[in-house]
Amino acid sequence: MGSLAGRTALVTGGSRGIGRGVAERLAREGARVAVHYGTNREAAEQVVKEIRAGGGSAFAIGAELGVPGDAEALWAAFDAGLAEHTEGATGLDILVNNAGVNALGRIHEVTEADYDRVFAVNVKAPFFVIRHGLDRLRDGGRIVNISSGATRIAFPGITAYSMTKGALDVLTLTLAQDLGPRGITVNSVSPGIVATDINPWLADPDAHAQAASYSVFGRVGQAADIAGVVAFVASEDARWVTGQTLDATGGSVLGV
Ligand code: NAP
């Protein structure tokens, strides 16, 4: 029996990258996992297949985030998926707000459309996913928001993106206060540079070496590095940790 046996988790953007690593890890800990995707259903179904092959429980749900009505659509898909794939299970124990997009550009390069899009997906969507999910989330539950080390380390080339993660961290802090009486913890986990599709530039060996050099461990992060931290925050052992931002950057840019 894993530490999360009997729990139900929803991982937004669980179909690829960090979210995939988180979905697989929570499933290994025994949670039933709703693997959310935006457009790439095949990728989500593949994650579900692999979780089931390993003896875990999972189902895929699709909903595009960052568009009007996104949160309602996501929860409708979650409810339907739970009804279809489980025997009468209801409710949720762990919500991981992971789905996100990047917005490249220094301030003078960012258009209003770029700005609105990155805030719609990275801030507005998690806000309303939580808002509409609160009646499903059981007391004693967990909310984990995937933030970014870019809230601590200045990267002018991703100004708008970094701002979205700052907003997410404030949501974490504020909600932790609000939801404490229900025993729900709310935390942010902040990855450094992780090898996923969001960073296609890592294919360039020089850029990869530069990214690796940021960490005191001299390498780029992997999804599993982040998933371990999320699994901890989601666990019973983390019941006394809330309102925090956990730096999971491999000690990036700690000093000179
Ligand atoms: P990724 O590999 O590009 O995966 C993104 C995931 O989010 C996919 O499952 C994707 O589903 C989903 N998604 C994206 N936009 C969506 C939308 N509009 N509606 C619904 N789903 C959407 O990204 P990642 O690197 O794993 O990033 C995951 C999170 O970690 C993000 O919040 C990111 O900001 C954060 N983060 C990443 C890094 C890094 O270096 N990788 C560092 C710090 C923080 P579809 O494929 O179906 O669209």
Side-chain angles (χ1 to χ4, degrees), residues 9-14 17-19 22 26 34 36 38 63-75 78 92-103 110 114-155 158-192 194 198 226-227 229-234 238-249:
L10 164 58
V11 182
T12 68
I18 292 171
V22 170
L26 298 183
H36 161 265
E64 187 185 353
L65 301 176
V67 294
D70 53 2
E72 289 97 331
L74 179 135
W75 287 116
F78 173 81
L92 182 73
D93 302 285
I94 301 158
L95 168 61
V96 183
N97 281 307
N98 163 80
V101 289
N102 202 353
V110 175
D114 296 337
Y115 181 99
D116 287 345
R117 171 77 184 149
V118 72
F119 269 82
V121 177
N122 294 8
V123 183
K124 188 175 177 187
F127 181 96
F128 283 98
V129 166
I130 294 170
R131 183 192 183 289
H132 292 293
L134 276 179
D135 51 353
R136 292 171 179 81
L137 190 63
R138 275 185 272 282
D139 289 0
R142 300 279 185 267
I143 297 174
V144 186
N145 295 320
I146 304 300
S147 178
S148 169
T151 57
R152 172 174 64 81
I153 307 160
F155 284 99
I158 48 171
T159 301
Y161 169 84
S162 305
M163 288 169 66
T164 67
K165 298 302 189 179
L168 205 54
D169 287 349
V170 175
L171 177 63
T172 289
L173 176 70
T174 309
L175 274 181
Q177 175 75 18
D178 206 8
L179 300 179
R182 290 184 53 194
I184 295 170
T185 71
V186 189
N187 291 288
S188 287
V189 172
S190 294
V194 179
I198 213 170
I226 311 308
V229 181
V230 174
F232 165 66
V233 170
R239 63 190 170 276
W240 208 236
V241 178
T242 194
Q244 302 305 302
T245 296
L246 286 83
D247 187 290
T249 67

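Positions are given from 1, in the same order as the sequence printed here.
- Across all non-hydrogen atoms, the minimal contact from Ala125 to Gly66 is CB-N, 4.1 Å.
- Under the 3.5 Å distance criterion, with hydrogens and angles disregarded, a donor-acceptor pair is assigned to the side chains of Arg152 and Thr249.
- Separation of atoms NE2 (His36) and CD (Glu64) is listed at 9.0 Å; rounding is to 0.5 Å.
- Ser147 is linked by a side-chain contact (heavy atoms from CB on, under 4.5 Å) to Thr151, Lys165, Asp169, Ser188, Ser190, counting only residues two or more places apart in sequence or in another chain.
- Between the OG atom in Ser148 and the CD1 atom in Ile158 there is a gap of 5.5 Å [rounded to 0.5 Å].
- Under the salt bridge (charged side-chain N to carboxylate O under 4.0 Å, His left out) criterion, Arg131 pairs with no residue, sequence neighbours left out.
- Put simply, the side chain of Asn187 never gets that close to the backbone of Thr245: no donor and acceptor are under 3.5 Å apart.
- Taking CD1 of Ile130 as the reference point, atom CG of Leu171 lies at 4.5 Å (rounded to 0.5 Å).
- Distance check: Lys124 NZ to Asp116 CG gives 9.5 Å after rounding to the nearest 0.5 Å.
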Which atom pairs, donor and acceptor, lie under 3.5 Å between side-chain atoms of residues 136-145 and protein residues at least two apart or in another chain?
| unit_1 | atom_1 | unit_2 | atom_2 | d |
| --- | --- | --- | --- | --- |
| Arg136 | NE | Asp79 | OD1 | 2.9 |
| Arg136 | NE | Asp79 | OD2 | 3.3 |
| Arg136 | NH1 | His132 | O | 2.9 |
| Arg136 | NH2 | Asp79 | OD2 | 2.7 |
| Arg138 | NE | Asp93 | OD1 | 3.0 |
| Arg138 | NH1 | Thr90 | O | 2.8 |
| Arg138 | NH2 | Thr90 | O | 3.3 |
| Arg138 | NH2 | Asp93 | OD2 | 3.1 |
| Asp139 | OD1 | Arg182 | NE | 2.7 |
| Asp139 | OD1 | Arg182 | NH2 | 3.2 |
| Arg142 | NE | Val233 | O | 3.1 |
| Arg142 | NE | Ser235 | O | 3.3 |
| Arg142 | NH1 | Gly140 | O | 3.3 |
| Arg142 | NH2 | Ser235 | O | 2.9 |
| Asn145 | OD1 | Asn97 | ND2 | 3.0 |
| Asn145 | ND2 | Thr172 | OG1 | 2.9 |

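- Between the side chain of Asn98 and the backbone N or O of Thr12 there is at least one donor-acceptor pair closer than 3.5 Å.
- Listed by chain and residue number, nothing satisfies the side-chain contact (heavy atoms from CB on, under 4.5 Å) test with Leu173 (two or more places apart in sequence, or in another chain).
- Listed by chain and residue number, Trp75 satisfy the ring-ring contact (aromatic ring centres under 6.0 Å, His included) test with Phe78 (two or more places apart in sequence, or in another chain).
- The environment of CD in Glu72 is crowded: more than 12 heavy-atom neighbours from other residues, nucleotides or ligands sit within 6.0 Å.
- With sequence neighbours excluded, the residues forming a side-chain contact (heavy atoms from CB on, under 4.5 Å) with Ala160 are Val110, Tyr115, Val118, listed by chain and number.
- The side chain to side chain donor-acceptor pair (under 3.5 Å) check on Asn122 picks up Thr164, with sequence neighbours excluded.
- Side-chain atoms of Gln177 do not come within 3.5 Å of backbone N or O of Leu175 as any donor-acceptor pair.
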Note to self: Between Leu95 and Val11, is the side-chain contact (heavy atoms from CB on, under 4.5 Å) condition met? List the steps.
What the structure shows: CA-CA 6 Å; Leu95 168 61; Val11 182; over 6 Å; no
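- Taking all atoms of both residues into account, the shortest heavy-atom contact from Ile226 to Ala248 is CD1-O, 3.5 Å.
- Considering only residues two or more places apart in sequence or on other chains, Asp114 meets the side chain to side chain donor-acceptor pair (under 3.5 Å) condition with Thr111.
- For Val170, the side-chain contact (heavy atoms from CB on, under 4.5 Å) partners at least two apart in sequence or on another chain are Thr174.
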